[in-house]
Amino acid sequence: MNSTQTQSSPRNRLLGFTRDLGLVLAALPLVEICRLSRPAASSLACCRCVGSRLTPRSVQEQADLRRAVVSVDRLTPGGPDCFRRALLMSALDRASASEQVNFGIVLGGKPKAGHAWLESDPPADPGRYDTIVSI
């Protein structure tokens with residue numbers, strides 16, 4: 001990298017985002033198998049095991065990864081899924097792998113009325129849930 005380029009230059013950010021897209025796509029099959037065939041705690045443990053072995057990311061790199069996760073999740077068959085996003089972040093980011101995952105539950109709510117999120121990425125209104133369970 002020459003002195004006119006910085007780590008946060010548009011070119012480097014684009015390269016990082018492209019790399020993150022590849023990582024998310026590579027992790028997606030494992031995450032989906034876990035999510036669809038195991039209880040939540042077991043799925044999370046599997047993804048945390050993978051993510052805990054990775055090199056730590058900077059705050060900016062975590063934000064870039066989150067954007068890649070959201071981009072892929074939005075296009076995944078079955079539509080966006082908040083627990084899938086939390087599992088992907090846990091599998092691909094060391095700090096996320098050590099975070100609590102919260103499940104907001106709306107009692108008597110319709111399907112998809114609940115929400116799952118990493119502790120570092122809370123929803124805009126966590127008070128709308130009747131109960132929150134953390135793993």
Side-chain angles (χ1 to χ4, degrees):
M1 186 178 318
N2 66 39
S3 61
T4 61
Q5 288 181 315
T6 64
Q7 190 161 354
S8 63
S9 72
R11 180 177 184 271
N12 288 338
R13 295 282 304 279
L14 179 60
L15 289 174
F17 181 73
T18 303
R19 181 199 69 225
D20 286 342
L21 282 174
L23 291 172
V24 172
L25 289 170
L28 187 61
L30 168 70
V31 166
E32 285 296 90
I33 288 169
C34 288
R35 185 179 72 86
L36 297 172
S37 66
R38 296 178 175 197
S42 177
S43 299
L44 189 54
C46 178
C47 291
R48 283 176 169 164
C49 184
V50 173
S52 67
R53 297 179 181 145
L54 299 175
T55 303
R57 291 172 172 262
S58 70
V59 172
Q60 184 61 57
E61 289 168 333
Q62 285 175 320
D64 291 345
L65 175 62
R66 186 169 280 112
R67 279 190 285 284
V69 164
V70 168
S71 297
V72 169
D73 179 57
R74 193 176 317 151
L75 301 174
T76 302
D81 186 272
C82 52
F83 188 47
R84 179 190 301 128
R85 291 190 300 273
L87 290 173
L88 283 165
M89 286 299 296
S90 296
L92 295 172
D93 176 54
R94 185 176 183 162
S96 297
S98 66
E99 283 188 56
Q100 281 187 333
V101 172
N102 298 310
F103 296 86
I105 301 166
V106 177
L107 299 176
K110 298 176 183 176
K112 300 272 186 178
H115 185 51
W117 67 92
L118 289 169
E119 191 171 32
S120 65
D121 191 24
D125 183 16
R128 69 174 235 174
Y129 302 107
D130 296 310
T131 191
I132 296 175
V133 176
S134 301
I135 299 176

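Just so you know, residue 1 is the first one in the sequence shown, and it goes up from there. Fair warning: this is a prediction, and the values are worked out from it, not measured in the lab.
- Remark: of the listed residues D121, D93, D73, D121 is the sole one forming a salt bridge (Lys or Arg N to Asp or Glu O under 4.0 Å) with R66.
- Across all their heavy atoms, A91 and V50 have their closest contact at O-CG1, 3.5 Å.
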query: When you look at L87 and L44, which way does the side chain to side chain contact (heavy atoms under 4.5 Å, CB included) test go after all the steps?
result: CA-CA 6 Å; L87 290 173; L44 189 54; 4.0 Å; yes

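- With T131 contributing its side chain and I105 its backbone, the two residues share no donor-acceptor pair below 3.5 Å.
- A heavy-atom distance below 4.5 Å is found between the side chains of L118 and V101.
- Pairing each heavy atom of E61 with each of P56, the nearest pair is OE1-O, 4.5 Å.
- Counting only heavy atoms from C-beta outward, the side chains of R85 and T76 never approach each other to under 4.5 Å.
- Hydrophobic clustering places L92 together with V72 (ILVMFWY residues linked when any side-chain heavy atoms are closer than 4.5 Å, directly or through intermediates).
- Between Y129 and H115, the ring-plane angle classifies as parallel under the 30° and 60° cut-offs.
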Going by atom type alone, with no hydrogens or angles, which donor-acceptor pairs under 3.5 Å involve a side-chain atom of residues 18-27 and a protein atom two or more places apart or on another chain?
{"from": "T18", "atom 1": "OG1", "to": "L14", "atom 2": "O", "distance (Å)": "2.8"}
{"from": "D20", "atom 1": "OD1", "to": "R57", "atom 2": "NH1", "distance (Å)": "3.3"}
{"from": "D20", "atom 1": "OD1", "to": "R57", "atom 2": "NH2", "distance (Å)": "3.1"}

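- A 4.5 Å side-chain heavy-atom check between L30 and C46 finds at least one atom pair inside the cut-off.
- A distance of 7.0 Å separates SG in C47 from CG in L88, rounded to the nearest 0.5 Å.
- For R13 against R67, the heavy-atom pair with the smallest separation is NH2-NH2, 2.8 Å.
- In this structure, CD1 in I132 is found 10.5 Å from CD in Q100, a value given to the nearest 0.5 Å.
- Across F17 and D64, no two heavy atoms sit closer than the pair CD1-O, 4.1 Å.
- Shown here for S96 and M89, the closest heavy-atom pair between the two residues is CB-O, 3.4 Å.
- For the pair E99 (side chain) and E119 (backbone), a donor-acceptor distance under 3.5 Å is present.
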task: Walk me through it: do D81 and R35 pass the test salt bridge (Lys or Arg N to Asp or Glu O under 4.0 Å)?
output: CA-CA 10 Å; D81 186 272; R35 185 179 72 86; 3.3 Å; yes

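- Listed here is the closest heavy atom pair of A97 and S90: CB-O, 3.3 Å.
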